[in-house]
Structure formats: C-alpha cells, structure tokens
Chemist: 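The structure's right below; bear with me while I get my questions together.
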Amino acid sequence: MKALVKTAPGPGGLEWADVPEPRPAAGEVLLELVAAGLCHTDLGMINGDYGPGSGYAPSFPLVLGHEYTGRVVEAGPGTAVPVGSRVVGSAHLTCGTCAWCRRGRSMLCESRKVLGLDVDGVFAERFTVPARNLAILPPDLPDRLAVLAEPFAVAAHAVDVARLGPGDDVCVIGPGTIGLLTLGALAGRRVTVVGRAEDAPRRAMELGAAAVVTAPDEVEALYGRFDVVFETAGSAPAVTTATRLLGRGGRLICVGLPAGQASFSSAQLAWNEQTIVGSRAYDVSTWASVPARLGAAPALESIVTHTVHLSDHRRALELVESRQAAKVLLHS
C-alpha cells in the first residue's frame, strides 16, 4: 500500500511511497483512510523541528499524520468495533494502566506516544489504531466536519478544563484553527475573540463570535473584563495579554505552546485571585462526547478550505505555509 513517509531526519525527505500493509493486533482495528487533516505540528516534523523540546522521539522512516477519519476494515482479536463503521479517534497511544491513565488524564501517561510523531501515523491508505481510542460517527456527520475531530477534541478538553459558569464572560485569543474550534466548542455562549488583523477575523464572526477585536487600543480597553480567557495563539506576548484581560477571580486556560517565555505579574494574580491552568490535548475519555459536540457546531466545516490527495503533498504544504488554506483535508 501507499503512505506519506518522512524518510530521514532534518528538513524534507518526504515521499509517497510503498510500505507494508499493517495488521491489527489484539484490541486494535485496521482502518482505511477516509480523510486526514494537515496540522502545523506535521509541518514541524516535515521541516525537521522535532528536537528534545518538542517532546517527540521519532525514528525514520516514519509515516506522518495524526488527525484522521477512517472506516473499519478489520477488527483484531477481542475487538468489538463493527466492520464498516466510520470512526474518529485519539492519536495518543497510552498504557491505560498507569496512575495518570486511571485518573482520566491519559495525556500525561509517561509511556504516551503519538501517531505520526513518535510512531507510524495515518497519512496512509490503511493504518491501525487501538479500538479504545475510537468513537463511531453518526451517518449524518460529513467527512469535512469529521476530519476536524482531533483538533476539536483539544478545544473541547480546554472548555471542560475551564469549568465555565453560566454567566461567565469569555474571550478566545488567537483565531487560528484551535481558536476557531474552541469558539465552536463554546457554542451558545457570548465569546469575544482577540487576534491580529491578518488572522481572518471574518471567519470568527461567521462562526459565532460576538465581537472580534484586533486593534491594540481596543484590546487594552478590554483589560480586566473577562472571567475566562483561552490562549490559543501559542505566543508569549499573547499569554501576557491574556493575563491582562482577566478580571477578578478570572481563569486563564493555556492551550497554545509558545516557544518563548511569557511575562506577567504574579502580584496581579494574587491580588485578584486569578488562576492559570494548562490544557494539554485531551484524555481518551474526551472522545465519547466529540461526535455529538462537533455535530452541534456544523459551521466549523467552513474551516476546511481545500481538499488534496496525499500524493500531492507539496501542494498541501504550500497551501498551509502560504496561509492560502485554513485547513487542508487529505485523502488517499
């Protein structure tokens, strides 16, 4: 079969190549790819940005990809997922038995590996996944929406971590893919989005933002206003701005992964009894609610702007790196 393979460390080395057909072990299923999403983390892997700071430990050759929608072709021994089911699921391979997994925080599993980043992933005609990672999709959920399930799970977990109250005034910083999906996961709430003018604020308004603020003086006017702020931009200055947007008793949910160190006043946090919480990906249990929550935000389908065959990976990379595409759907 064919797969998109990174053949060696460092930048480049990407090929649409022949690889062995995988077989499902006990507790696994063999999926045929329906659709995959191209993520900026995939770009980092392609460009050679996966050193010790990334947390990943790839060996090469490596099949890339971790965002997927698939159809069950074969179930391994002891597996009950029906053949033919259309599914989405976690990209995390976790032990299921350590203290973190038992506490419902499998994202902290010390033996966690990630498809396409540590081990062979989903940019392939067929691939295997643990059955416990999967959620079956309803037949009316379109593939262009379902392919967003993995990053949407990140957003859904962040919303769960926030423990929102009924009257909370909410802000999302960074209307990129994760920011927009967080907006979708907050469906039914009044949300202000803060970003840069080049971040396509129009799309945030189309997805239900009450307001989109981009001018620095208008952002400053919002300082001290919000009960909950989600930082999804992944930049140190955005984290600093997020702390200033918090009101008394406010909660900052850090979803992004800035490369630099953010600066903020711990005295402000203490004086106002504010809280900063990290939100890392998702737990395996998050996936039980993902299809229904994703289906409740059908407008998110507009985030997928281009469809490209996996063999045309150079075109897909160009679309993302040049910002022509919000999200690229890949198929085999």
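Worth knowing before you read on, the calculation uses all heavy atoms, side chains too, and leaves out hydrogens, waters and symmetry mates. Source: prediction; values computed, not measured.
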Chemist: Begin from the C-alpha positions of Phe127 and Val63 and carry the test side chain to side chain contact (heavy atoms under 4.5 Å, CB included) through to its verdict.
Modeler: CA-CA 10 Å; Phe127 55 96; Val63 178; over 6 Å; no
Chemist: Report the C-alpha separation of Asp18 and Lys2 in whole Å, then their side-chain angles, then the decisive distance to 0.1 Å, and conclude whether the salt bridge (Lys or Arg N to Asp or Glu O under 4.0 Å) test is met.
Modeler: CA-CA 5 Å; Asp18 290 311; Lys2 292 284 191 179; 3.5 Å; yes
Chemist: Between Gln274 and Leu246 (side chain of the first, backbone of the second, donor and acceptor by atom type, cut-off under 3.5 Å), is there such a pair?
Modeler: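 Yes: the side chain of Gln274 pairs with the backbone of Leu246.
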Chemist: Main chain of Trp16, side chain of Ser311: is a donor-acceptor contact present, judged purely on distance under 3.5 Å?
Modeler: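 Checked: no pair found.
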Chemist: When rounded to the nearest 0.5 angstrom, what is the spacing between NE2 in His40 and CG in Asp49?
Modeler: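 Going from the NE2 atom of His40 to the CG atom of Asp49 covers 13.0 Å.
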Chemist: For Ala270, is there any backbone N or O sitting under 3.5 Å from a side-chain donor or acceptor partner on Gln268?
Modeler: no
Chemist: Flag yes if Leu14 and Val5 sit in one hydrophobic cluster, no otherwise; membership is Ile, Leu, Val, Met, Phe, Trp, Tyr, and two members link when side-chain heavy atoms are under 4.5 Å apart.
Modeler: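 Unlinked, Leu14 and Val5 end up in two clusters.
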Chemist: Determine yes or no for a side-chain-to-main-chain donor-acceptor pair under 3.5 angstrom, with Tyr68 supplying the side chain and Gly37 the backbone.
Modeler: no
Chemist: Please test Asp168 against Arg189 for salt bridge (Lys or Arg N to Asp or Glu O under 4.0 Å), starting from the C-alpha separation and ending with a verdict.
Modeler: CA-CA 9 Å; Asp168 282 344; Arg189 290 185 176 272; 5.4 Å; no
Chemist: Should the pair Tyr282 and His92 be assigned to parallel (<30°), tilted (30 to 60°) or perpendicular (>60°) ring geometry?
Modeler: parallel
Chemist: Determine, step by step, whether Val73 and Leu31 satisfy the side chain to side chain contact (heavy atoms under 4.5 Å, CB included) criterion, reporting the C-alpha distance in whole Å, the side-chain angles of both residues, the deciding distance to 0.1 Å, and the verdict.
Modeler: CA-CA 5 Å; Val73 174; Leu31 302 180; 6.0 Å; no
Chemist: Decide yes or no for Arg86 and Leu141: does some side-chain heavy atom of the first lie under 4.5 Å from some side-chain heavy atom of the second?
Modeler: yes
Chemist: Shortest non-hydrogen contact from Ala236 to Gln261?
Modeler: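 For Ala236 and Gln261, the tightest heavy-atom pair comes out as CB-O, 3.6 Å.
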Chemist: With rounding to the nearest 0.5 Å, note down the distance linking CH2 in Trp287 to CG in Asn133.
Modeler: 9.0 Å
Chemist: Can you list the steps and then say if Glu15 with Lys6 is a salt bridge (Lys or Arg N to Asp or Glu O under 4.0 Å)?
Modeler: CA-CA 6 Å; Glu15 295 182 7; Lys6 183 172 174 63; over 6 Å; no
Chemist: Group every Ile, Leu, Val, Met, Phe, Trp and Tyr by side-chain heavy-atom contacts under 4.5 Å, then state whether Val34 and Val129 land in the same group.
Modeler: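 No, Val34 and Val129 fall in different hydrophobic clusters.
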Chemist: Does any donor atom in the side chain of Arg144 or Thr307 lie under 3.5 Å from an acceptor atom in the other side chain?
Modeler: yes
Chemist: Which atom names give the shortest non-hydrogen contact between Thr232 and Gly179, and what distance separates them?
Modeler: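 Between these two residues, the closest heavy atoms are OG1-CA, 3.2 Å.
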Chemist: Find out whether Arg23 and Glu74 are in side-chain contact, i.e. whether some heavy atom of one side chain is under 4.5 Å from a heavy atom of the other.
Modeler: yes
Chemist: Evaluate Ile303 against Leu207 for side chain to side chain contact (heavy atoms under 4.5 Å, CB included), listing each step before the verdict.
Modeler: CA-CA 9 Å; Ile303 294 174; Leu207 292 175; 4.2 Å; yes
Chemist: Does any non-hydrogen side-chain atom of Leu30 lie less than 4.5 Å from one of Val72?
Modeler: no
Chemist: Hey, what do you get for CG (Asn272) to CG (Leu269), rounding to the nearest 0.5 Å?
Modeler: 8.0 Å
Chemist: Heavy atoms, side chains only, cut-off 4.5 Å: are Leu294 and Pro291 in contact?
Modeler: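 Result no, sub-4.5 Å side-chain heavy-atom pair not found.
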Chemist: Could you check whether any side-chain N or O of Thr275 sits under 3.5 Å from a backbone N or O of Arg251, counting only pairs where one atom can act as donor and the other as acceptor?
Modeler: no
Chemist: Which value, rounded to the nearest 0.5 Å, describes the distance between Leu64 atom CG and Leu62 atom CG?
Modeler: 5.5 Å
Chemist: As an exercise, state the distance from NE2 of His306 to CG of Leu330, rounded to the nearest 0.5 Å.
Modeler: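 One finds 12.0 Å between NE2 of His306 and CG of Leu330.
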Chemist: Less than 4.0 angstrom from a charged side-chain N to a carboxylate O is my criterion; do Arg71 and Asp143 meet it?
Modeler: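 Result for this pair is no, no salt bridge flagged.
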Chemist: Are Val88 and Val304 linked, directly or through intermediate hydrophobic residues, by side-chain heavy-atom contacts shorter than 4.5 Å (ILVMFWY only)?
Modeler: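 Same cluster.
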Chemist: Restricting to non-hydrogen atoms, name the atom on Pro130 and the atom on Leu93 that form the minimum distance, rounded to 0.1 Å.
Modeler: CD-CD2, 3.6 Å
Chemist: Shared ILVMFWY cluster between Met107 and Leu181, side chains joined below 4.5 angstrom?
Modeler: no
Chemist: State, to 0.1 Å, how close Ser106 and Arg112 come at their nearest heavy-atom pair, and which atoms those are.
Modeler: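 Shortest heavy-atom separation between Ser106 and Arg112 comes out as O-CD, 4.3 Å.
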Chemist: Less than 4.0 angstrom from a charged side-chain N to a carboxylate O is my criterion; do Arg314 and Glu318 meet it?
Modeler: no
Chemist: Test Val219 against Tyr223 for side chain to side chain contact (heavy atoms under 4.5 Å, CB included), laying out the working first.
Modeler: CA-CA 7 Å; Val219 174; Tyr223 285 179; 4.3 Å; yes
Chemist: Does Asp169 pair with Arg225 as a salt bridge, N-O distance under 4.0 Å?
Modeler: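 So Asp169 pairs with Arg225 through a salt bridge.
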Chemist: State, yes or no, whether a side-chain contact exists between Val229 and Ile253 at a heavy-atom distance under 4.5 Å.
Modeler: no
Chemist: Using every non-hydrogen atom in the two residues, find where Gly96 and Arg132 come nearest and quote the distance to one decimal.
Modeler: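 Shortest heavy-atom contact: N-NH2, 3.6 Å.
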Chemist: Counting C-beta onward and ignoring hydrogens, is there a side-chain heavy-atom pair between Leu245 and Cys171 closer than 4.5 Å?
Modeler: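 They are in contact (side-chain heavy atoms under 4.5 Å apart), so the answer is yes.
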Chemist: Work out which heavy atom in Leu108 is nearest to a heavy atom in Trp100; give both atom names and the distance.
Modeler: O-CD1, 3.5 Å
Chemist: Counting C-beta onward and ignoring hydrogens, is there a side-chain heavy-atom pair between Lys327 and Cys39 closer than 4.5 Å?
Modeler: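 Yes, at least one pair of side-chain atoms sits under 4.5 Å.
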Chemist: Apply ring pair (Phe, Tyr, Trp, His ring centres under 6.0 Å) to the pair Phe123 and His66, showing each step before the final yes or no.
Modeler: CA-CA 8 Å; Phe123 288 171; His66 61 278; 7.9 Å; no
Chemist: Using modelled atom types and a 3.5 Å cut-off, is there a donor and acceptor pairing between side-chain atoms of Thr241 and backbone atoms of Pro237?
Modeler: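 It does hold such a pair.
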Chemist: Are any non-hydrogen side-chain atoms of Phe264 and Ile276 less than 4.5 angstrom apart?
Modeler: yes
Chemist: Please tell me whether Phe230 and Val212 are part of a single hydrophobic cluster in this structure, the criterion being side-chain heavy atoms less than 4.5 Å apart.
Modeler: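 As far as the 4.5 Å side-chain criterion goes, Val212 and Phe230 are connected within one cluster.
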Chemist: Show your reasoning for whether salt bridge (Lys or Arg N to Asp or Glu O under 4.0 Å) applies to Arg126 and Glu21.
Modeler: CA-CA 7 Å; Arg126 289 169 292 283; Glu21 179 91 25; 2.5 Å; yes
Chemist: Short question: side chain of Asn47, backbone of Leu43 - any donor-acceptor pair under 3.5 Å?
Modeler: yes
Chemist: How many angstroms lie between CG in Leu180 and CZ in Arg203, if you round to the nearest 0.5 Å?
Modeler: 7.0 Å
